[in-house]
Amino acid sequence: EGRITQWAKAIGDKVESGETLLVVESDKADMDVESFEDGFLAAIVTPEGESATVGAAVAYLATSKDAIAEVAAYAKVAGSNPAAAAAPAAAAPAAAAPAA
């Protein structure tokens, strides 16, 4: 488990693979968390100051700027629920990708 201390990007910002997306504080150190995908930050599920378990979706990326609203709506339903995030692709918009 880790506490998110800072988001390096805001909703709507372009994100590139390998770029720092957020900073997480664990019991041992603060760590930069990089994006695994290119896209646009569409939704933040876990805000600064809150904790997330390892492997939980903390944000969602959209593949295009035009898809941000669609992905944000999906994120409200899925939240950080791993079962919802891992649901078959037909249940999620084609533009949705969990971040970090």
Side-chain angles (χ1 to χ4, degrees):
E1 183 172 287
R3 187 175 70 85
I4 296 175
T5 59
Q6 177 185 7
W7 279 96
K9 295 289 184 176
I11 301 294
D13 285 353
K14 182 168 178 48
V15 178
E16 294 184 7
S17 180
E19 188 173 18
T20 297
L21 192 56
L22 63 134
V23 179
V24 174
E25 175 185 76
S26 72
D27 57 344
K28 297 182 182 182
D30 288 359
M31 298 167 284
D32 290 351
V33 177
E34 298 177 352
S35 177
F36 296 116
E37 304 284 336
D38 292 341
F40 294 85
L41 186 58
I44 293 174
V45 177
T46 308
E48 288 181 6
E50 290 192 17
S51 295
T53 58
V54 174
V58 295
Y60 286 86
L61 297 180
T63 56
S64 70
K65 201 161 188 81
D66 293 336
I68 291 173
E70 179 183 6
V71 174
Y74 171 76
K76 285 182 182 179
V77 174
S80 61
N81 179 348

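For clarity, every value in this text was computed on a predicted model and none was experimentally measured.
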Measure the spacing between CE of M31 and OG1 of T20 and express it to the nearest 0.5 Å. 12.5 Å
Set of residues satisfying salt bridge (Lys or Arg N to Asp or Glu O under 4.0 Å) with respect to E48, sequence neighbours excluded: none
Okay, side chain of D38, backbone of S17: is any donor-acceptor separation there less than 3.5 Å? yes
Using modelled atom types and a 3.5 Å cut-off, is there a donor and acceptor pairing between side-chain atoms of K65 and backbone atoms of G12? yes
Mind listing the closest non-hydrogen atom pair of E19 and K14 along with its distance? OE1-O, 4.0 Å
With a 4.5 Å heavy-atom cut-off, do L61 and S35 have their side chains touching? yes
Measure across W7 and T46 and return the closest heavy-atom pair with its distance rounded to 0.1 Å. NE1-O, 3.0 Å
If hydrophobic clusters are built from ILVMFWY residues whose side chains come within less than 4.5 Å, do I11 and V33 share one? yes
Going from CD on Q6 to CG on D30, what distance comes out if it is rounded to the nearest 0.5 angstrom? 9.5 Å
Note: A43 and A72 closest approach over all heavy atoms is CB-CA, 4.2 Å
Give me the atom names and distance for the closest heavy-atom approach of V71 to A42. CG1-CB, 3.6 Å
Atom CG in D32, atom CG in L22: separation rounded to 0.5 Å? 8.5 Å
Rounded to the nearest 0.5 Å, how far apart are CD of E1 and OG1 of T53? 7.0 Å
Quick one: does I44's side chain get under 4.5 Å of V58's, heavy atoms only? no
OG1/T5 to CZ/R3 distance, rounded to the nearest 0.5 angstrom? 6.0 Å
Share the residues that join F40 in a hydrophobic cluster, the rule being Ile, Leu, Val, Met, Phe, Trp or Tyr side chains under 4.5 Å apart at the heavy-atom level. I68
